[in-house]
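Keep in mind that what you see is a predicted model, and the values were worked out from it rather than measured. In what follows, chains carry the letters A, B, and so on, assigned in the order in which the sequence lines appear, proteins first and then strands, with residues in each chain numbered from 1.
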Protein chains: 2
Amino acid sequence: MIDNKINKEIRDIFSAYLTEKKLRKTEERYTILDEICAFSGHFDIYMLHQKLKDTKYHVSKATLYNTLEVLTDAGIVIRHQFNSQLAQYELRKKAEIHMHFVCTHCHSVSEVKNPPFLQGSINALKNRFTPEYFSLCVYGMCGKCRNKEQKKSQKK
Amino acid sequence: MIDNKINKEIRDIFSAYLTEKKLRKTEERYTILDEICAFSGHFDIYMLHQKLKDTKYHVSKATLYNTLEVLTDAGIVIRHQFNSQLAQYELRKKAEIHMHFVCTHCHSVSEVKNPPFLQGSINALKNRFTPEYFSLCVYGMCGKCRNKEQKKSQKK
DNA sequence: TTTACTGCAAATATTTTGCAATATC
DNA sequence: GATATTGCAAAATATTTGCAGTAAA
């Protein structure tokens, strides 16, 4: 779980990054980061925009895209493009501990804890590449869709 | 390598799929599949469109998108969305034997043979999910960018 | 002969860009 | 005070859709 302590830790990492890159520490950037930390899983631009609207804090789409790019460059947020055109984001802290199951039927994305050996085997490739993080997406049919398909074939 | 024999094998799988789903066997669909088989790695809609133009065989973008959807549904082609908006595709036959290294600096995508145990560990999750294929993307800095960064820091 | 497929153009969706106003350093 | 960042609107990019003509079954 990402609690307030970890939330603060992430804010500090962001501050250090902004200082290092001589970027400005704006209220918008920190507000966006706080809202991102509050998401339990994936989110997209629209969900984030909506969430900020609910808190009565107005931020433009342009700023959202800009901030997400900075956060991605800082390695704090990971950008996924599962199946749809709309990019999905998530906190890297959360992404690192699971793999994604993308259902090829209903396009739902669920998460399963990463097999621990995976990290090790990726680290082993360091001579050719400097791995920062990885994303394992397994495509297939999710439990729900499988049940539906089974019911269908039973009716025949 | 995908040679003509495998190419024919894929055509047959496609034919069987089209028959099963009561879809039509058009010249466009087979021509597109042939061009796809000729790509050695990833490709996108524009590369495919260009390639077909070169062979003097005109196919509209709409048909390309349509056919790629059919091929994806058939499990013959895999659709990736690495970093850009432009979807990248590749033959599943090829995708299954490697993982992707996506450079977070220059956005190049290279391929490395999959660790063989990965397939096994994914199959082990069959009770919750029916895995069809997987895509392991490792993000980080590629060799070229790493060298450039090293040269930069040496100059300082 | 029926209707799925194709091509074109228009519509939609997502992200990026230009620029004036504003706020950080 | 210099200039990075913001917000808005317009542009750019990628994909989908509507529809009339064509071709597979």
Side-chain angles (χ1 to χ4, degrees), chain A residues 11 14-35 42-53 55-74 77-89 107, chain B residues 11 14-36 42-53 55-74 77-89 107 109:
Chain A
R11 272 179 91 115
F14 192 32
S15 294
Y17 180 83
L18 293 174
T19 303
E20 185 208 327
K21 297 283 179 183
K22 297 195 200 325
L23 298 172
R24 291 183 182 169
K25 298 179 178 64
T26 65
E27 204 182 330
E28 283 85 355
R29 285 177 174 166
Y30 285 107
T31 308
I32 290 167
L33 181 57
D34 283 346
E35 289 307 322
H42 306 118
F43 62 91
D44 58 42
I45 285 279
Y46 286 93
M47 291 161 73
L48 191 52
H49 199 228
Q50 196 54 54
K51 218 165 180 235
L52 284 158
K53 237 183 210 164
T55 64
K56 307 271 194 301
Y57 191 91
H58 175 81
V59 183
S60 72
K61 288 260 173 67
T63 300
L64 284 184
Y65 276 107
N66 173 320
T67 304
L68 281 168
E69 201 190 330
V70 176
L71 286 167
T72 304
D73 289 343
V77 160
I78 287 180
R79 177 182 160 148
H80 297 283
Q81 292 269 169
F82 297 115
N83 267 325
S84 67
Q85 274 310 102
L86 189 58
Q88 303 276 120
Y89 299 85
H107 300 105
Chain B
R11 272 180 91 115
F14 192 33
S15 294
Y17 180 83
L18 293 174
T19 303
E20 186 207 327
K21 298 282 178 183
K22 296 196 202 323
L23 299 171
R24 291 185 181 170
K25 298 178 179 66
T26 65
E27 203 182 330
E28 284 84 355
R29 287 179 172 166
Y30 285 106
T31 308
I32 290 167
L33 181 57
D34 282 346
E35 289 308 320
I36 286 173
H42 307 116
F43 62 91
D44 58 42
I45 284 279
Y46 288 92
M47 290 160 74
L48 190 53
H49 199 228
Q50 197 54 54
K51 219 167 179 236
L52 285 158
K53 239 184 210 162
T55 64
K56 307 273 191 304
Y57 192 90
H58 175 79
V59 182
S60 72
K61 288 261 172 66
T63 300
L64 284 183
Y65 277 106
N66 174 318
T67 304
L68 281 167
E69 202 190 329
V70 176
L71 285 167
T72 304
D73 289 344
V77 160
I78 286 179
R79 178 182 159 149
H80 298 283
Q81 291 269 170
F82 297 115
N83 268 323
S84 68
Q85 274 309 100
L86 189 57
Q88 303 277 118
Y89 299 84
H107 299 105
V109 180

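Put simply, His58(A) has a side-chain N or O that comes within less than 4.0 Å of OP1 or OP2 on dC8(D).
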*Which parts of nucleotides 19-25 of chain D does protein reach within less than 4.0 Å, heavy atoms only, written one letter per nucleotide 5' to 3' as B for base, S for sugar-phosphate only and - for none?*
----BBS
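Taking atom CG of residue Leu18(A) and atom P of nucleotide dT6(D), one finds them 10 Å apart after rounding to whole Å. We find that CD of Glu28(A) is positioned 11 Å from P of dC8(D), with the value rounded to whole Å. As rounded to whole Å, 14 Å separates atom C1' of dC5(C) from atom OH of Tyr30(B). Between Ile45(B) atom CD1 and dG7(C) atom P there is a gap of 13 Å when expressed in whole angstrom units. For the pair Lys21(A) NZ and dT5(D) C1', the computed distance is 18 Å after rounding to whole Å. Summarising the geometry, the separation between NZ on Lys61(B) and P on dA11(C) is reported as 18 Å, rounded to the nearest angstrom. With rounding to whole Å, Arg29(B) atom CZ is found 14 Å from dG7(C) atom C1'. Taking atom CZ of residue Arg79(B) and atom P of nucleotide dA14(D), one finds them 12 Å apart after rounding to whole Å.
Asp44(A) is listed as a side-chain neighbour of Met47(A), based on a closest heavy-atom distance under 4.5 Å. Side-chain contact check for Thr67(B) versus Glu28(B): every heavy-atom pair is 4.5 Å or farther apart. Within the 4.5 Å cutoff, no side-chain heavy atoms of Tyr17(A) are placed close to those of Leu71(A). Between Phe14(A) and Val77(A) the shortest side-chain heavy-atom distance does not fall below 4.5 Å.
Test Gln50(A), Lys56(A), Lys51(A) against Lys53(A) for side-chain contact (heavy atoms from CB on, under 4.5 Å) and you get one pass: Gln50(A). Checked against Asn66(A) for a side-chain contact (heavy atoms from CB on, under 4.5 Å), the options Leu64(A), Val70(A), Leu68(A) give a single hit: Val70(A).
Here NE2 of His42(B) is found 14.0 Å from CZ of Arg79(B). Values are rounded to the nearest 0.5 Å. For the atom pair OH (Tyr46(B)) and NZ (Lys61(B)), the distance works out to 4.0 Å, reported to the nearest 0.5 Å.
Proximity of residues 63-72 of chain A to DNA chain D (heavy atom under 4.0 angstrom from any strand atom) is restricted to Thr63(A), Asn66(A).
Within the 3.5 Å criterion, the main-chain N or O of Arg24(A) finds a donor-acceptor partner in the side chain of Arg29(A).
The Ser60(B) side chain lies nearest to dG7(C) when the options are dG7(C), dT15(C), dG7(D). Looking at the side chain of Leu86(A), the nearest of the listed nucleotides dT6(C), dT15(C), dT6(D) is dT15(C).
The nearest heavy atom of DNA chain D to Tyr46(B) and to Tyr57(A) marks one nucleotide each, and the one closer to the 5' end goes with Tyr57(A).
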